[in-house]
Asks: 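First, the structure itself, so that you have it in front of you.
Start at 1 with the first residue, then count along the sequence.
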Amino acid sequence: MKKRIALLAAATLVMSSLSGCASNSTAPDTTATATTQAEKETTASDTQATSTGDTGEWSKTITLADGKTYPSGTVTIIAPFSAGGGVDLGDRLFAKYAQKWTDATLIVENITGGSGLVGIQTGLGRATDGSVMWHIDPGAQYVSTTNSSCPFDVVNDMGHIGFFVADDRVWAVKPDETRFTTAEEMFAYAKDHPGEISIAASGTGTIAALATQYIANTAGVEFNIIGYNGSSEAKAAFLGGHCDVMSAGVSEARTMLDEKQCKVLFTMTDERIYDDVPTVKELGYDCTSLSTYRGLAMSSKVDPAIVEYWDKIMEKVCEDPDFIAEADNMGLVIRFQNTDEALKTFSEYNPIWYDLKESLGM
């Protein structure tokens, strides 16, 4: 399910419907998308990590203040975007290697819709006994403004476990694109043909969508941005010829590059990722680098000892050479941030999103 949004360079024409948290939004993708049982749940033990070595003095369970042993059953990780995208792949990879350090049976469940809001709200509404956690990132859709209200407080309503992936953003076109073959040519074409170039992005009001809007405004051009329900749907639309450009994470672009399905025009980074691809700053646009940090959180009502337990497991997973190698093969950059560091990232990102959204009337 998708929402089409024409992004205009002028702030007055940037519509509040882009916000994934708009309180008066009637966007159709705020309803959870039905999935097959096979897509909804994957048990980590089905793809058991093959890391060598023992767990040393680490205990796979902890005793809580009330004397109960944790964990004692299944723990669900909610991936609030579609299966096959960067969020889903990262969550499943984490579950695979975290299984080594816990007695819990880890299951990944896809609950999509609302640019991630539906899955997270579902998680917040479930039991607060540590049996559910969910993907979280410092995205713009979680920042309330004058014209939009997120249904939860992304900092105070959650017990943040930490971040384990940072996905830098790139813009890619198909190899057979003839109207423009470089970033310079694309921006020049966009100036002469306002609104013609369509760009696939995952979600609306997300980092993928808002960062694309940010570049459009900085460059003074108009794109037709189409927000899809997750990066896998955006990728399918792009490869299917329904969009001209894809604003993708490095992990999503990696597989397309390997299969020669795309060409990267530029990266939204401070330094080059690819030797022959310029950064947005090298093109002359003074844009802040906006990487997508990805991590996990639980309800703030969960026992802090449980959150700390998973924080330590996340750190151990991120130190696992097998995990790092497999993540690298998938194009995932591992940048671990513990609970305190993740909260600091939120404190840095949220004001940027707030000011940008306010300036655009979102």
Asks: Using 0.5 Å steps for rounding, measure from the CG atom of Asp320 to the CD atom of Glu315.
Replies: 13.0 Å

Asks: Does a donor on one side chain sit under 3.5 Å from an acceptor on the other, for Asp157 and Ser300?
Replies: no

Asks: For the side chain of Thr69 and the backbone of Thr63, is there at least one donor-acceptor N/O pair under 3.5 Å apart?
Replies: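 Between the backbone of Thr63 and the side chain of Thr69 there is no qualifying donor-acceptor contact (under 3.5 Å).
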
Asks: With side chains defined as the heavy atoms from C-beta onward, is the minimum distance between Tyr142 and Asn350 less than 4.5 Å?
Replies: no

Asks: Evaluate the side-chain proximity of Thr61 to Pro71: yes if any heavy-atom separation is below 4.5 Å, no if none is.
Replies: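 A side-chain contact under 4.5 Å exists here.
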
Asks: Out of curiosity, Asn338 CG to His160 NE2, how far, rounded to the nearest 0.5 Å?
Replies: 13.0 Å

Asks: Write down the atom of Leu106, the atom of Ala95, and the distance for their closest heavy-atom approach.
Replies: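 Shortest heavy-atom separation between Leu106 and Ala95 comes out as CD1-O, 3.6 Å.
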
Asks: Heavy-atom count around Lys174 NZ within 6.0 Å, excluding the residue itself: above 12?
Replies: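 Yes, enclosed.
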
Asks: In terms of heavy-atom contacts, does CD of Glu348 have more than 12 from other residues, nucleotides or ligands at under 6.0 Å?
Replies: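 Yes, CD of Glu348 has more than 12 neighbouring heavy atoms, counting only those of other groups under 6.0 Å.
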
Asks: Begin from the C-alpha positions of Ile111 and Trp134 and carry the test side-chain contact (heavy atoms from CB on, under 4.5 Å) through to its verdict.
Replies: CA-CA 10 Å; Ile111 302 177; Trp134 48 84; over 6 Å; no

Asks: Going by heavy atoms in the side chains, are Asn110 and Arg92 under 4.5 Å from each other?
Replies: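 Touching, per the 4.5 Å side-chain cut-off.
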
Asks: Distance-only, no hydrogens or angles: does the Asp129 side chain make a donor-acceptor pair with backbone N or O of Val302 under 3.5 Å?
Replies: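 No; zero donor-acceptor contacts below 3.5 Å.
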
Asks: Are Thr128 and Ser299 linked by a side-chain donor-acceptor pair shorter than 3.5 Å?
Replies: no

Asks: For the side chain of Arg254 and the backbone of Asp328, is there at least one donor-acceptor N/O pair under 3.5 Å apart?
Replies: yes

Asks: Taking all atoms of both residues into account, what is the closest heavy-atom pair of Ser59 and Tyr309, and its distance?
Replies: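 The answer is O-CE1, 4.2 Å.
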
Asks: Report the C-alpha separation of Met268 and Trp171 in whole Å, then their side-chain angles, then the decisive distance to 0.1 Å, and conclude whether the side-chain contact (heavy atoms from CB on, under 4.5 Å) test is met.
Replies: CA-CA 8 Å; Met268 288 189 62; Trp171 283 33; 4.2 Å; yes

Asks: Assess, by modelled atom type and distance only, whether the side chains of Ser82 and Ser232 contain a donor and an acceptor separated by less than 3.5 Å.
Replies: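 There is such a pair (donor and acceptor under 3.5 Å, judged by atom type) between the side chains of Ser82 and Ser232.
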
Asks: Would you indicate whether the side-chain heavy atoms of Met158 and Ile120 approach each other to under 4.5 Å?
Replies: yes

Asks: side-chain contact (heavy atoms from CB on, under 4.5 Å), that's the test. Do Tyr274 and Val250 meet it? Break it down for me.
Replies: CA-CA 11 Å; Tyr274 315 101; Val250 172; 4.0 Å; yes

Asks: Is it true that the side chains of Thr145 and Ser148 contain a donor and an acceptor less than 3.5 Å apart?
Replies: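 Checked: Thr145/Ser148 side chains pair up, N/O donor to acceptor below 3.5 Å.
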
Asks: What do you reckon, are the aromatic ring centroids of Phe266 and Tyr285 less than 6.0 Å apart?
Replies: no

Asks: Could you check Phe238 against Tyr228 for ring pair (Phe, Tyr, Trp, His ring centres under 6.0 Å), going step by step and ending with a plain yes or no?
Replies: CA-CA 11 Å; Phe238 169 68; Tyr228 290 87; over 10 Å; no

Asks: So, the side chain of Glu308 versus the backbone of Ile161: is there a donor-acceptor pair under 3.5 Å, distance only?
Replies: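 No: the side chain of Glu308 does not pair with the backbone of Ile161.
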
Asks: According to a hydrophobic-cluster definition based on side-chain heavy atoms being under 4.5 Å apart (Ile, Leu, Val, Met, Phe, Trp, Tyr only), do Leu93 and Trp101 belong together?
Replies: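 Result: yes, single cluster for both.
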
Asks: Measure the CD1-CG distance between Ile77 and Asp91 for me, rounded to the nearest 0.5 Å.
Replies: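 One finds 6.0 Å between CD1 of Ile77 and CG of Asp91.
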
Asks: For the residue pair Cys150 and Leu117, establish whether any side-chain heavy-atom pair is separated by less than 4.5 Å.
Replies: yes

Asks: Salt bridge check, Arg272 against Glu282: does any charged N sit closer than 4.0 Å to a carboxylate O?
Replies: yes

Asks: In Å and rounded to the nearest 0.5 Å, what is the NE2 to CZ distance from His193 to Arg179?
Replies: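 Separation between the atoms: 8.5 Å.
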
Asks: Output the distance between atom CE (Met314) and atom CZ (Phe94), rounded to the nearest 0.5 Å.
Replies: 4.5 Å

Asks: Counting N and O atoms only, with roles assigned by atom type, does the side chain of Ser198 sit under 3.5 Å from a partner on the main chain of Asp244, one being a donor and the other an acceptor?
Replies: yes

Asks: Check whether Thr255 reaches the backbone of Glu252 with its side chain - one donor and one acceptor, N or O, closer than 3.5 Å.
Replies: yes

Asks: Quick one: closest heavy-atom pair of Ala200 and Cys243, and the distance?
Replies: CB-SG, 3.8 Å

Asks: Could you pull out the closest heavy-atom pair between Lys357 and Val143, with the gap in Å?
Replies: NZ-O, 2.8 Å

Asks: Do Glu109 and Thr76 have a side chain donor and acceptor closer than 3.5 Å?
Replies: no

Asks: What do the steps show when you test Val221 against Tyr189 for side-chain contact (heavy atoms from CB on, under 4.5 Å), and what is the final call?
Replies: CA-CA 9 Å; Val221 297; Tyr189 187 92; over 6 Å; no

Asks: Phe81 vs His135 aromatic rings, parallel, tilted or perpendicular, using cut-offs 30° and 60°?
Replies: perpendicular

Asks: Can a side-chain donor-acceptor contact be found between Thr181 and Glu185 if the only test is distance below 3.5 angstrom?
Replies: yes

Asks: Does a side-chain N-to-carboxylate-O contact under 4.0 Å join Asp276 and Lys263?
Replies: no

Asks: Out of curiosity, does Leu89 fall in the hydrophobic cluster containing Phe164 (side-chain heavy atoms, cut-off under 4.5 Å, transitive links)?
Replies: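 Yes, because Phe164 and Leu89 connect within a single hydrophobic cluster, where side-chain heavy atoms sit under 4.5 Å apart.
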
Asks: Linking I/L/V/M/F/W/Y whenever their side-chain heavy atoms sit closer than 4.5 Å, directly or via other members, would Phe223 and Val170 fall into one cluster?
Replies: no

Asks: I'd like to know if the side chain of Glu184 reaches the main chain of Leu283, judged simply by a donor and an acceptor atom lying under 3.5 Å from each other, with no hydrogens or angles considered.
Replies: no

Asks: Is a donor on one side and an acceptor on the other found under 3.5 Å between the side chain of Glu233 and the backbone of Gly230?
Replies: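 No, the answer is negative, given that no donor and acceptor are paired below the 3.5 Å cut-off.
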
Asks: A side-chain contact here means heavy atoms from C-beta on lying under 4.5 Å apart; do Phe187 and Leu265 qualify?
Replies: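 Heavy-atom side-chain distance check fails, nothing below 4.5 Å.
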
Asks: Same hydrophobic cluster for Met246 and Val280, using side-chain heavy-atom links shorter than 4.5 Å among ILVMFWY?
Replies: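 No, Met246 does not connect to Val280 through the hydrophobic network.
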
Asks: Looking only at heavy atoms, what is the nearest atom pair of Gly86 and Ser231, with distance?
Replies: N-OG, 3.1 Å

Asks: Can a donor-acceptor pair be found, under 3.5 Å and without considering hydrogens, that links the side chain of Trp353 to the backbone of Pro138?
Replies: yes

Asks: Between Asp168 and Thr269, does any side-chain donor sit less than 3.5 Å from a side-chain acceptor?
Replies: no

Asks: Does a side-chain heavy-atom distance below 4.5 Å link Ile62 with Leu64?
Replies: yes

Asks: Any side-chain heavy atom of Asp303 within less than 4.5 Å of one from Tyr70?
Replies: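 Counting from C-beta outward, Asp303 and Tyr70 never come under 4.5 Å.
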
Asks: Report the distance from atom CD1 of Ile136 to atom OH of Tyr293, rounding to the nearest 0.5 Å.
Replies: 15.5 Å

Asks: Same cluster for Tyr354 and Val155 if Ile/Leu/Val/Met/Phe/Trp/Tyr side chains link at under 4.5 Å?
Replies: yes

Asks: Do you know which two heavy atoms are closest between Ala104 and Thr102, and how far apart they sit?
Replies: N-OG1, 3.0 Å

